[in-house]
Asker: 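Provided herewith is a single structure, encoded as structure tokens, for subsequent inquiry.
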Amino acid sequence: MAHGYSSVHPRTAALLKELGVTDGQITQGYGNASASAGYHLAEGRTAPAPAGHPYSSCVDLDYDLAWQPGFLGRLSMAGIAGFVRDTGSFTDNHHIHAVHPGLLDEDGEVAILSGPRTQLIDYIHGRDGLKGHQALQGRWKPVQAQKDAIAAVYNAWAPHVATRVYNAHGDWIPCYAFFELGTVRCEARPLLEALGATVGWDGQMIATHDGKPLDLSNARLRLAVDFTRGDVRGLAEALGYKVKFNWAADKNSAEVRLSV
Ligand SMILES: [Zn+2]
């Protein structure tokens, strides 16, 4: 896996240098280490080929930095969201996993993948950025001003249209739905389970309802690391729901209403 300053976006490098991070303390830039499979995949290049190199919004830092007084707070105030990974599946792989919002690819476009994007949203809400989206525990978590610093960068750069999905009774289904590229996509498992389906895994996501397999072929399922995302319409229609999308009057948010 790529490591050191040459493995991160020049904007990430500039901020980390200011914070005193050494080349050797950048343990993974873009890459595909097994413990973080998918999050660090290259999102684009820092400049059109053959110049530049691939980059990811994710960067892993040496765990020693997590013990440096004030480091994680300064990292967040510099606009980089850091998660200390030292428990659970990370017991033998202590590190800081960080996500840097605000990067643009070689065409000047936002190219962040939905895995790290979901982690930024979790950070802003005090959650851990892992499967299950639990409240962040452990030796460090951001205070409000630090979450706000990341939210300000994120919202100015890659805002998603907050899209609430409501079931046929009008109850909100929290499923990380965003309006992306003309379609509302969400995490498939929480939506399917909220609608009474049983979700399993057989090399890909499979689901049943009342013992019958669901045809998810129109949901365009795609694994974004731990999060399998799919089209809300395709998922809900697999369960026989009608789907209606409504913009809020201000066009800053939207909702999806399911009905039978
Ligand atoms: Zn990482």
Asker: Within the distance-only criterion (no hydrogens, no angle test), does the side chain of E193 pair as donor or acceptor with the backbone N or O of V199 below 3.5 angstrom?
Answerer: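 No, the answer is negative, given that no donor and acceptor are paired below the 3.5 Å cut-off.
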Asker: With a distance cut-off below 6.0 Å to the six-membered ring centre and an angular limit of 45° from the axis, does R139 pair with W67 as a cation-pi contact?
Answerer: yes
Asker: Looking only at heavy atoms, which two atoms of S76 and I150 are closest? And how far apart?
Answerer: O-CD1, 3.6 Å
Asker: Check step by step if side-chain contact (heavy atoms from CB on, under 4.5 Å) holds for E18 and R74.
Answerer: CA-CA 10 Å; E18 271 183 49; R74 288 187 293 125; over 6 Å; no
Asker: So which of I124, L136, D148, L75 actually passes side chain to side chain contact (heavy atoms under 4.5 Å, CB included) with P142?
Answerer: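 Among I124, L136, D148, L75, the one meeting side chain to side chain contact (heavy atoms under 4.5 Å, CB included) with P142 is L136.
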Asker: If two hydrophobic side chains count as joined below 4.5 Å and joins carry through other members, does L16 share a cluster with L72?
Answerer: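 Linked within one cluster.
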Asker: Does the Y55 side chain pair with the main chain of D105, one donor and one acceptor, at a distance under 3.5 Å?
Answerer: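 Yes; judged by distance alone, with no hydrogens or angles, the pair exists.
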Asker: Quick check: closest heavy atoms across T163 and A177, and the distance to 0.1 Å?
Answerer: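 Nearest pair, atom of T163 first, then A177: O-CB, 3.3 Å.
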Asker: Minimum heavy-atom separation for L239 and A197, please, with both atom names.
Answerer: CD2-CB, 4.4 Å
Asker: Show your working on side chain to side chain donor-acceptor pair (under 3.5 Å) between E255 and N246 and close with a plain yes or no.
Answerer: CA-CA 5 Å; E255 62 174 32; N246 303 311; 3.1 Å; yes
Asker: Backbone N or O of R127 within a donor-acceptor pair of the H125 side chain at under 3.5 Å?
Answerer: no
Asker: Do other residues, nucleotides or ligands put more than 12 heavy atoms under 6.0 Å from the CG atom of D92?
Answerer: no
Asker: L65, I80: one ILVMFWY side-chain cluster at the under-4.5 Å cut-off?
Answerer: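 Yes, same cluster.
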Asker: When you measure from the side chain of T27 to the backbone of D60, do you find a donor-acceptor pair of N or O atoms at a distance under 3.5 Å?
Answerer: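 It does hold such a pair.
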Asker: Can you confirm whether N218 sits close enough to D231 that some side-chain heavy atom of one is under 4.5 Å from a side-chain heavy atom of the other?
Answerer: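 With C-beta onward as the side chain, the pair stays apart.
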Asker: Is there a donor-acceptor pair under 3.5 Å between the side chain of R233 and the backbone N or O of V184?
Answerer: no
Asker: Nearest 0.5 Å, what's the NE2-CH2 distance between H100 and W157?
Answerer: 9.0 Å
Asker: I need the minimum non-hydrogen distance between A236 and L258, along with the two atoms involved.
Answerer: CB-CD2, 3.7 Å
Asker: Is there a donor-acceptor pair under 3.5 Å between the side chain of Q146 and the backbone N or O of V143?
Answerer: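 Here the side-chain-to-backbone pair exists.
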Asker: Quick one: CD on E43 to NE2 on H9, what's the gap to the nearest 0.5 Å?
Answerer: 9.5 Å
Asker: Any donor-acceptor pair under 3.5 Å linking the side chain of R229 with the backbone of R185?
Answerer: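 It does hold such a pair.
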Asker: Any chain of hydrophobic side-chain contacts (each under 4.5 Å) joining V165 to Y241?
Answerer: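 Yes; tracing contacts between hydrophobic side chains, which count when under 4.5 Å, links both residues.
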Asker: How long is the span from the CG atom in D23 to the NZ atom in K17, to the nearest 0.5 Å?
Answerer: 8.5 Å
Asker: Is there a chain of hydrophobic side chains (I, L, V, M, F, W, Y, each step under 4.5 Å between heavy atoms) that links V84 to L61?
Answerer: yes
Asker: Spell out, as yes or no, whether a donor-acceptor pair under 3.5 Å connects the side chain of D171 to the backbone of N167.
Answerer: no
Asker: Can you see which heavy atom on V8 is nearest to which on G29, and at what distance?
Answerer: CG1-CA, 4.0 Å
Asker: Run the side-chain contact (heavy atoms from CB on, under 4.5 Å) test on T87 and Q137 for me, step by step, so that the C-alpha distance in whole Å, both residues' side-chain angles and the decisive distance to 0.1 Å come before the verdict.
Answerer: CA-CA 10 Å; T87 56; Q137 306 288 340; over 6 Å; no
Asker: Can a donor-acceptor pair be found, under 3.5 Å and without considering hydrogens, that links the side chain of T46 to the backbone of H53?
Answerer: yes
Asker: Where do H97 and F90 land on the side-chain contact (heavy atoms from CB on, under 4.5 Å) test, with the steps shown first?
Answerer: CA-CA 11 Å; H97 171 78; F90 303 105; over 6 Å; no
Asker: Hey, could you give me the OH/OG distance between Y30 and S57, rounded to the nearest 0.5 Å?
Answerer: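 Rounded to the nearest 0.5 Å, the OH-OG separation comes to 15.0 Å.
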Asker: Short question: side chain of D210, backbone of K212 - any donor-acceptor pair under 3.5 Å?
Answerer: no
Asker: Where do P174 and P190 come nearest, in terms of heavy atoms and distance?
Answerer: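 For P174 versus P190, the nearest heavy atoms are O-CB, 3.7 Å.
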Asker: Distance from L235 atom CG to L195 atom CG, nearest 0.5 Å?
Answerer: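 These two atoms lie 9.0 Å from each other.
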Asker: With the 4.5 Å side-chain cut-off for hydrophobic clustering, are V153 and L120 part of the same group?
Answerer: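 Looking at the clustering, L120 is in a separate group from V153.
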Asker: Do the ring planes of Y123 and F83 sit parallel (below 30°), tilted (30 to 60°) or perpendicular (above 60°)?
Answerer: perpendicular
Asker: Do H133 and Y176 have ring centroids that are under 6.0 Å from one another?
Answerer: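 Judged by ring-centre distance (under 6.0 Å), Y176 and H133 do meet the cut-off.
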Asker: Using 0.5 Å steps for rounding, measure from the CD1 atom of I112 to the OH atom of Y154.
Answerer: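 If I round to the nearest 0.5 Å, the distance is 7.5 Å.
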Asker: Check step by step if side-chain contact (heavy atoms from CB on, under 4.5 Å) holds for L216 and Q204.
Answerer: CA-CA 11 Å; L216 302 178; Q204 58 182 344; over 6 Å; no
Asker: Is there side-chain contact between L130 and R85, with heavy atoms separated by less than 4.5 Å?
Answerer: yes
